[in-house]
Visitor: 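Just dropping this structure here.
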Amino acid sequence: MVQTKSMLKIILYPLSILYGIVVYIRNSLYDSRILKSTDFDIPVISIGNITVGGTGKTPHTEYLIALLKRHAEVVTISRGYKRRTKGFLMVEPGSHVMDVGDEPLQMKKKFPDVTVAVDENRVHGIKRLLREPVQPDVILLDDAFQHRRVNPGINILLIDYNRPIDSDRLLPLGRLRERKYQQRRANVIIYTKCPDEITPIRRRIILKQVNLRPYQSLYFTTMMYGDPVAVFPGESVITPNLHAKQISTILLSGIANPDQFKNYLSSKSNLLDELIYGDHHLYTGKDFKQIADKLEQHKAHDPYILTTEKDAMRLQSEQALPQNVKARLFYIPVTIQFLQSEGKSFDKKIVGYVKDNRSNRKLYTAKNK
C-alpha cells in the first residue's frame with residue numbers, strides 16, 4: 001500500500017507542477033490586466049474556496065441570503081455544477097435538479113422569494129439579471145473565488161478548519177485549486193467546520209498561518225445540525241428523534257467530505273452502516289438497490305436512512321426509489337454559526353457594504369437619467 005502511494009505521488013507530481021504553471025500564468029494575466037475583470041455598479045459578493053469541495057459553501061451562502069434579504073433585493077447566481085443544461089436559467093422551486101444543479105435548487109426551495117439563477121458565464125449571467133424587471137440590490141456569486149472574470153466588491157474565502165491548506169499540494173497531487181498565497185485576493189477569510197470553541201493559542205497559530213493583510217478580516221464558524229426532515233413528506237414514517245440516542249441509522253451521502261456528518265450521526269444515534277458516494281453523485285437504479293439491501297440487512301434494528309440536504313435535492317426527483325426506502329429517508333438541514341459573537345461584526349461589514357454601494361448606485365443612476 002505504501003509503495004502504491006509513493007508511485008502515485010511520483011506520477012501525479014509532474015501533473016501538479018504543470019497545473020500550477022497554468023494557474024500561475026492565468027492569475028498573472030488577470031493581475032497585470034491583460035485579461036480583464038468586469039466591474040459592475042452594483043454590490044457583488046463572491047463566496048468560494050481555494051480547495052476542492054467540502055468547505056460549506058452552501059450553508060454560508062444561505063446565511064448571506066438570510067442576512068441580506070431583510071435589507072435588499074438579493075440575487076444568487078451559480079454555475080449549476082453537473083447540470084445537463086447550458087447557459088442562463090432561472091431556478092424555480094419545481095425545477096429539475098438535472099437542469100439547475102442541487103445547490104441552486106436547495107437555495108431556491110429554502111428561499112422561494114429570492115431570485116436564484118445559474119450560468120457558467122457569470123458576466124453574462126449578471127448582465128442578464130440586470131435586465132430583469134425587478135432590479136437586484138446585491139448579487140451573490142456562489143463558488144466563484146477562481147472565477148476572475150468578475151471583480152467582486154467583497155471576496156469571501158472559506159477554509160476547512162480540519163483540512164489546513166499550509167501542508168496541502170496543488171491538484172491533482174493535493175486538493176488545492178490555487179497556491180496558498182492567492183488567498184491575498186480575499187477580503188474576508190472564514191475558517192469553517194470549527195469545533196464549538198477554539199483556544200486563544202490555536203487562534204494565534206491560525207492568525208500567524210493566515211498572515212492577514214490590513215484589508216482582510218478573519219472569522220470562525222461552526223456547523224449547526226437541525227432536526228431530521230422527511231425527503232418524501234407524504235410517504236414517511238414518524239420523524240426520528242436524534243436527541244433520544246436510541247435511534248438506529250444508516251448514513252447515505254454524496255458530498256465531498258462526509259466526515260463531520262458521520263461524526264454527528266455517530267454521536268446522536270446507533271450508526272449501523274454507511275453508503276458513501278462521490279460529490280454531487282447522481283443516484284441510479286443500482287444505487288437504489290444498494291440502499292434497499294442495506295435497509296433489509298439491518299431491518300431488525302428498524303433503522304432510518306439519514307442523508308444531507310444536498311443529497312435530498314437529487315433524491316427527491318427519483319420516484320423509482322423503493323417505497324420502504326422513501327418512508328425511512330430523512331435529511332439533516334445544516335446552518336452555520338459564528339464563534340464568540342463574531343457574527344455581529346461580520347453582519348455589520350456585509351450589510352454596510354451593500355447599503356453604501358446600493359445608495360451610490362441609485363445616486364449614479366438618478367444623475368444619468
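The first residue in the sequence is number 1, and the count goes up from there. The analysis underlying the following values was restricted to heavy atoms, covering all of them including side chains, and did not include hydrogens, waters or symmetry mates.
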Visitor: Is a donor from one side chain sitting under 3.5 angstrom from an acceptor on the other, for N187 and Q216?
Guide: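 No pair is found: no donor N or O on one side chain lies under 3.5 Å from an acceptor on the other.
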
Visitor: Validate the cation-pi geometry between K193 and Y161: distance from NZ or CZ to the six-membered ring centre under 6.0 Å, angle to the ring axis within 45°.
Guide: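 No - K193 does not lie over the ring of Y161 by the 6.0 Å and 45° rule.
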
Visitor: What about I206 and F338, same hydrophobic cluster or not, with Ile/Leu/Val/Met/Phe/Trp/Tyr joined at side-chain heavy-atom distances under 4.5 Å?
Guide: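 Different clusters.
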
Visitor: With a 4.5 Å cut-off on side-chain heavy-atom distances among I, L, V, M, F, W and Y, is there a chain of contacts connecting I190 to V354?
Guide: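 Yes; tracing contacts between hydrophobic side chains, which count when under 4.5 Å, links both residues.
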
Visitor: Could you walk me through whether I139 and V74 pass side-chain contact (heavy atoms from CB on, under 4.5 Å), step by step?
Guide: CA-CA 6 Å; I139 292 178; V74 183; over 6 Å; no

Visitor: Might you point out which heavy atoms bring L173 and R169 nearest each other, and give the distance in Å?
Guide: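 Closest approach of L173 to R169: CD2-NH1, 3.2 Å.
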
Visitor: Answer yes or no: is there a donor N or O on one side and an acceptor on the other, between the side chain of S95 and the main chain of V91, under 3.5 Å?
Guide: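 Side chain of S95 to backbone of V91, a donor-acceptor pair under 3.5 Å: no, none is there.
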
Visitor: Can you tell me if D287 uses its side chain to pair, donor with acceptor, with the backbone of T284 under 3.5 Å?
Guide: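 Yes.
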
Visitor: Roughly how far, to the nearest 0.5 Å, is the CD1 atom of I336 from the OG1 atom of T58?
Guide: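 So the OG1 of T58 and the CD1 of I336 are separated by 12.0 Å.
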
Visitor: Is a side-chain donor or acceptor of Q260 paired with a backbone partner of M223 at a separation under 3.5 angstrom?
Guide: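 A pair under 3.5 Å: no.
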
Visitor: In this structure, would L12 and I21 fall into the same cluster of hydrophobic residues linked by side-chain contacts under 4.5 Å?
Guide: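 Yes; tracing contacts between hydrophobic side chains, which count when under 4.5 Å, links both residues.
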
Visitor: Compare every heavy atom of A320 with every heavy atom of F288, then report the nearest pair and how far apart it is.
Guide: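 Nearest heavy atoms, F288 then A320: CE1-CB, 4.0 Å.
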
Visitor: Has the side chain of Y215 got a donor or acceptor atom that lies under 3.5 Å from a matching backbone atom of A186?
Guide: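 Side chain of Y215 to backbone of A186: no pair is present.
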
Visitor: Step by step, would you call K57 with L158 a side-chain contact (heavy atoms from CB on, under 4.5 Å)?
Guide: CA-CA 7 Å; K57 290 188 305 294; L158 306 181; 3.9 Å; yes

Visitor: Is there a side-chain contact (heavy atoms from CB on, under 4.5 Å) between Y24 and E178 once you walk through the steps?
Guide: CA-CA 8 Å; Y24 173 79; E178 303 180 71; over 6 Å; no

Visitor: Can you tell whether the side chains of R328 and E235 come within less than 4.0 Å, N to carboxylate O?
Guide: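 Not counted as a salt bridge, because no side-chain N and carboxylate O are separated by less than 4.0 Å.
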
Visitor: Please confirm whether the backbone N or O of E73 pairs with a side-chain atom of D137, one donor and one acceptor, at under 3.5 Å?
Guide: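 Flag set: sc D137 to bb E73 pair under 3.5 Å.
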
Visitor: Would you tell me whether R179 and Q182 have side-chain atoms, one donor and one acceptor, within less than 3.5 Å of each other?
Guide: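 Side-chain D/A pair, R179 to Q182: absent.
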
Visitor: Go through the side-chain N and O atoms of D39 and N151 and say whether any donor and acceptor fall under 3.5 Å apart.
Guide: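 There is such a pair (donor and acceptor under 3.5 Å, judged by atom type) between the side chains of D39 and N151.
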
Visitor: Can you label the angle between the Y283 ring and the H281 ring as parallel, tilted or perpendicular, going by 30° and 60°?
Guide: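 Perpendicular.
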
Visitor: Check this for me: does any side-chain nitrogen of one of R314 and D311 sit under 4.0 Å from a carboxylate oxygen of the other?
Guide: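 So R314 pairs with D311 through a salt bridge.
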
Visitor: Among K110, K109, K69, whose salt bridge (Lys or Arg N to Asp or Glu O under 4.0 Å) with E62 holds?
Guide: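 Of K110, K109, K69, salt bridge (Lys or Arg N to Asp or Glu O under 4.0 Å) with E62 is met by K110 alone.
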
Visitor: Between E103 and K310, is a salt bridge (Lys or Arg N to Asp or Glu O under 4.0 Å) present by the stated rule, with each step listed?
Guide: CA-CA 6 Å; E103 293 165 346; K310 193 158 62 172; 3.1 Å; yes

Visitor: Take N263 and S266 through the side chain to side chain donor-acceptor pair (under 3.5 Å) test and state the conclusion after the steps.
Guide: CA-CA 5 Å; N263 292 339; S266 297; 5.4 Å; no

Visitor: Can you confirm whether I42 sits close enough to L130 that some side-chain heavy atom of one is under 4.5 Å from a side-chain heavy atom of the other?
Guide: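 I42 reaches L130 side chain to side chain.
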
Visitor: I'd like to know if the side chain of R148 reaches the main chain of R26, judged simply by a donor and an acceptor atom lying under 3.5 Å from each other, with no hydrogens or angles considered.
Guide: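 No: the side chain of R148 does not pair with the backbone of R26.
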
Visitor: Answer yes or no: is there a side-chain heavy-atom contact under 4.5 Å between V52 and D279?
Guide: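 With C-beta onward as the side chain, the pair stays apart.
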
Visitor: Ignoring hydrogens and angles, state whether a donor on the side chain of R163 or N257 is under 3.5 Å from an acceptor on the partner side chain.
Guide: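 Result is yes, a qualifying pair exists.
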
Visitor: Distance alone, cut at 3.5 Å: any donor-acceptor contact between the side chains of H60 and T192?
Guide: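 No - no donor-acceptor pair under 3.5 Å links their side chains.
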
Visitor: Go through the steps for R79 and D119 under the test salt bridge (Lys or Arg N to Asp or Glu O under 4.0 Å), then give the verdict.
Guide: CA-CA 5 Å; R79 62 175 168 160; D119 196 332; over 6 Å; no

Visitor: Does atom CZ (R213) have a neighbourhood of more than 12 heavy atoms from anything else shown, all under 6.0 Å?
Guide: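 Buried by this count: over 12 neighbours within 6.0 Å.
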
Visitor: Take the angle between the ring planes of Y191 and F220 and call it parallel below 30°, perpendicular above 60°, tilted in between.
Guide: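 It falls in the tilted class, 30° to 60°.
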
Visitor: Within 45° of the six-membered ring axis of F145 and under 6.0 Å from that ring's centre, is NZ or CZ of R177 located there?
Guide: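 No, R177 and F145 do not form such a contact.
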
Visitor: Would you check if there is a donor-acceptor pair between the side chains of Q337 and Y63 at a distance under 3.5 Å?
Guide: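 Result is no, nothing qualifies.
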
Visitor: To check you understand the geometry: which heavy-atom pair defines the closest contact between S16 and L170, and what is its length?
Guide: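 Residues S16 and L170, closest heavy atoms: OG-O, 3.0 Å.
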
Visitor: Is the shortest side-chain N to carboxylate O distance from D168 to K180 below 4.0 Å?
Guide: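 Result for this pair is no, no salt bridge flagged.
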
Visitor: Using atom types as modelled and distance alone, determine if a side-chain donor or acceptor of T85 lies under 3.5 Å from a backbone N or O of D99.
Guide: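 Side chain of T85 to backbone of D99, a donor-acceptor pair under 3.5 Å: yes, one is there.
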
Visitor: Measure the shortest side-chain to side-chain distance between R149 and K36 over non-hydrogen atoms and say whether it is less than 4.5 angstrom.
Guide: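 No, side chains not in contact.
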
Visitor: Measuring only between side-chain heavy atoms, which start at C-beta, is V97 closer than 4.5 Å to E318?
Guide: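 No; the side chains remain at least 4.5 Å from each other.
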
Visitor: Does atom CD1 (I238) have a neighbourhood of more than 12 heavy atoms from anything else shown, all under 6.0 Å?
Guide: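 No.
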
Visitor: If the threshold is 4.0 Å, N to carboxylate O, is there a salt bridge linking R128 and E132?
Guide: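 Salt bridge flag = yes for E132 with R128.
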
Visitor: Would you please say whether a donor-acceptor pair under 3.5 Å links the side chains of T335 and Y225?
Guide: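 Their side chains do not contain a donor-acceptor pair, so the 3.5 Å distance test is not met.
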
Visitor: Locate the shortest heavy-atom distance separating P228 from T239; write the atom from each residue and the value.
Guide: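 Closest heavy-atom pair between P228 and T239: O-CG2, 3.4 Å.
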
Visitor: Is atom CD of E197 surrounded by more than 12 heavy atoms (other residues, nucleotides or ligands) closer than 6.0 Å?
Guide: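 Not buried by this count: 12 neighbours or fewer within 6.0 Å.
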
Visitor: Could you walk me through whether E342 and K349 pass the salt bridge (Lys or Arg N to Asp or Glu O under 4.0 Å) check?
Guide: CA-CA 11 Å; E342 291 175 347; K349 183 182 189 72; over 6 Å; no

Visitor: Give the minimum heavy-atom separation between G80 and P104, together with the two atoms involved.
Guide: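 Where G80 meets P104 most closely, the heavy atoms are CA-CG, 4.2 Å.
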
Visitor: Evaluate salt bridge (Lys or Arg N to Asp or Glu O under 4.0 Å) for D31 paired with R184, printing each intermediate quantity in order.
Guide: CA-CA 12 Å; D31 292 341; R184 62 191 170 86; 3.0 Å; yes

Visitor: Taking the side chain as every heavy atom from C-beta outward, state whether I305 and L295 have any pair of such atoms under 4.5 Å apart.
Guide: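 The answer is yes, as the side chains (C-beta and beyond) meet within the 4.5 Å cut-off.
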
Visitor: Would you call I159 and V210 a side-chain contact if the rule is heavy atoms closer than 4.5 Å?
Guide: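 The answer is no; the side chains never approach within 4.5 Å.
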
Visitor: Is a donor on one side and an acceptor on the other found under 3.5 Å between the side chain of H96 and the backbone of M98?
Guide: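 Yes, H96 side chain to M98 backbone: donor-acceptor pair under 3.5 Å.
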
Visitor: Between L252 and Y304, is there shared hydrophobic-cluster membership here, with clusters defined by ILVMFWY side-chain heavy atoms closer than 4.5 Å?
Guide: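 As far as the 4.5 Å side-chain criterion goes, Y304 and L252 are not connected within one cluster.
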
Visitor: Is the backbone N or O of V75 less than 3.5 Å from a side-chain atom of T115, with the two atoms forming a donor-acceptor pair by type?
Guide: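 Not confirmed, T115 side chain does not pair with V75 backbone.
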
Visitor: Any idea which heavy atoms bring S236 and F330 closest together, and the distance?
Guide: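 Minimum heavy-atom separation between S236 and F330: CB-CZ, 3.9 Å.
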
Visitor: Check whether any side-chain N or O of R70 sits under 3.5 Å from a backbone N or O of A66 as a donor-acceptor pair, and report yes or no.
Guide: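 Yes.
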
Visitor: State, with a plain yes or no, whether a side-chain heavy atom of V114 is found less than 4.5 Å away from one of M107.
Guide: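 No, side chains not in contact.
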
Visitor: Do L275 and L251 have side chains that get closer than 4.5 Å, going by heavy atoms?
Guide: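 No - every pair of side-chain heavy atoms lies 4.5 Å or more apart.
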
Visitor: Before giving the answer on side-chain contact (heavy atoms from CB on, under 4.5 Å), spell out for Y30 and S37 the whole-Å C-alpha distance, their side-chain angles and the decisive distance to 0.1 Å.
Guide: CA-CA 7 Å; Y30 274 108; S37 296; 3.5 Å; yes

Visitor: Would a hydrophobic clustering, with Ile, Leu, Val, Met, Phe, Trp and Tyr connected at side-chain separations under 4.5 Å, put L140 with V188?
Guide: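 Result: yes, single cluster for both.
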
